[in-house]
Amino acid sequence: MTDAPLPAELLLDRDASDDLRRELVSALEGLGVHTERVRRAVDHRGAADIPWIMLASLPLQAFLSGLGAEAVKDSYTAFKDVVRRSSRAADPAHAADPAGPAPRPLVLQDRRTGLRVVLEPGLPGEAYEQLLGLDLARFSEGPLHYDSAQGRWRSELDEAAG
């Protein structure tokens, strides 16, 4: 992806398994991202926080731009697979319980701006394809979610402010 690996920090929900952590670190490594630190989240989140299973803080625009390179296609597929599995594997105790907690997304956060991109369970392929070419400078607020009905990434907060 780049000559020097992109630095990242991972913050995992307490329910994220060690296997899931290893899979995500490996998938990110295949995409040219060096995970400098992995921590577990504390239980105290604000009401406005996204109920994620994993938060990856990295130079987001550089990461997304590099994903389109032909050399990382297999690694990119592996990354998408980890994202899909992570949302389903969040809480093994409730995995078979339909009344259990809803699947939680993986969130990518830009280290510099704090802008967040939410990779929700079941994102269609076109969402990932659009994400590769997304100009994050167009957004000042987040989080960004993929709107399946409109077929695009959007920030409701940016739209409300504009």
Next on the checklist: Does either side chain, that of His34 or that of Glu29, offer a donor lying less than 3.5 Å from an acceptor on the other one?
Outcome noted: no
Checklist entry - Can we say Arg138 and Glu159 salt-bridge, meaning some charged N sits less than 4.0 Å from an Asp/Glu carboxylate O? => result no
Item to check | Close side-chain approach of Leu115 to Gln109, heavy-atom, < 4.5 Å | outcome: no
Checklist outcome for this item: Between Ser75 and Gly30, the two heavy atoms sitting closest are OG-O, 3.0 Å
Next on the checklist: Show the nearest heavy-atom pair for residues Val118 and Pro143, with the distance to one decimal.
Outcome noted: CG2-CB, 3.8 Å
Checklist entry - Is there side-chain contact between Leu20 and Met54, with at least one heavy-atom pair below 4.5 Å? => result yes
Item to check | Trace of the ring-ring contact (aromatic ring centres under 6.0 Å, His included) decision for Tyr128 with Phe79 | outcome: CA-CA 11 Å; Tyr128 286 100; Phe79 174 72; 7.5 Å; no
Checklist entry - Of the non-hydrogen atoms in Pro59 and Pro7, which two are nearest, and what is the gap between them? => result CD-O, 3.2 Å
Next on the checklist: For the CG atom of Asp15 and the CZ atom of Arg40, what is their distance to the nearest 0.5 Å?
Outcome noted: 9.0 Å
Item to check | Gln130 atom CD, neighbour heavy-atom count above 12 within 6.0 Å | outcome: yes
Next on the checklist: As an exercise, state the distance from CD1 of Ile53 to CZ of Arg14, rounded to the nearest 0.5 Å.
Outcome noted: 9.5 Å
Item to check | Backbone of Leu60 reached by a side-chain donor or acceptor of Asp110 within 3.5 Å | outcome: yes
Item to check | CD on Gln61 to CZ on Arg112, rounded to 0.5 Å | outcome: 9.5 Å
Item to check | Residue pair Leu28, Leu10: steps toward the side chain to side chain contact (heavy atoms under 4.5 Å, CB included) verdict | outcome: CA-CA 11 Å; Leu28 288 171; Leu10 294 181; 3.9 Å; yes
Item to check | Donor-acceptor pair, side chain of Trp153 and main chain of Leu134, under 3.5 angstrom | outcome: no
Checklist entry - Does the distance from a Lys or Arg side-chain N to an Asp or Glu carboxylate O, for Asp147 and Arg154, drop under 4.0 Å? => result yes
Checklist entry - Counting distance only, does the side-chain N/O of Ser26 pair as donor-acceptor with the main-chain N or O of Arg22 below 3.5 Å? => result no
Checklist entry - Can we say Glu9 and Arg111 salt-bridge, meaning some charged N sits less than 4.0 Å from an Asp/Glu carboxylate O? => result yes
Checklist outcome for this item: When rounded to the nearest 0.5 Å, the distance separating CG of Leu131 from CG of Leu144 is 8.5 Å
Item to check | Gap separating the CG atom of Leu55 from the CG atom of Leu12, nearest 0.5 angstrom | outcome: 9.5 Å
Checklist entry - What are the two closest non-hydrogen atoms of Val82 and Glu23, and how far apart are they? => result CG2-O, 3.8 Å
Checklist entry - Where is the tightest heavy-atom contact between Ala8 and Val33, given as atom of each residue plus distance? => result CB-CG1, 3.4 Å
Checklist entry - Between CZ of Arg116 and NE2 of His145, what distance do you get to the nearest 0.5 Å? => result 10.5 Å
Item to check | Heavy-atom pair of closest approach, residues Trp52 and Leu11 | outcome: CZ3-O, 3.3 Å
Item to check | All side chain to side chain contact (heavy atoms under 4.5 Å, CB included) counterparts of Glu141, not counting sequence neighbours | outcome: Ser155, Leu157, Asp158
Checklist entry - Thr35 versus Leu58: any side-chain heavy-atom pair under 4.5 Å? => result no
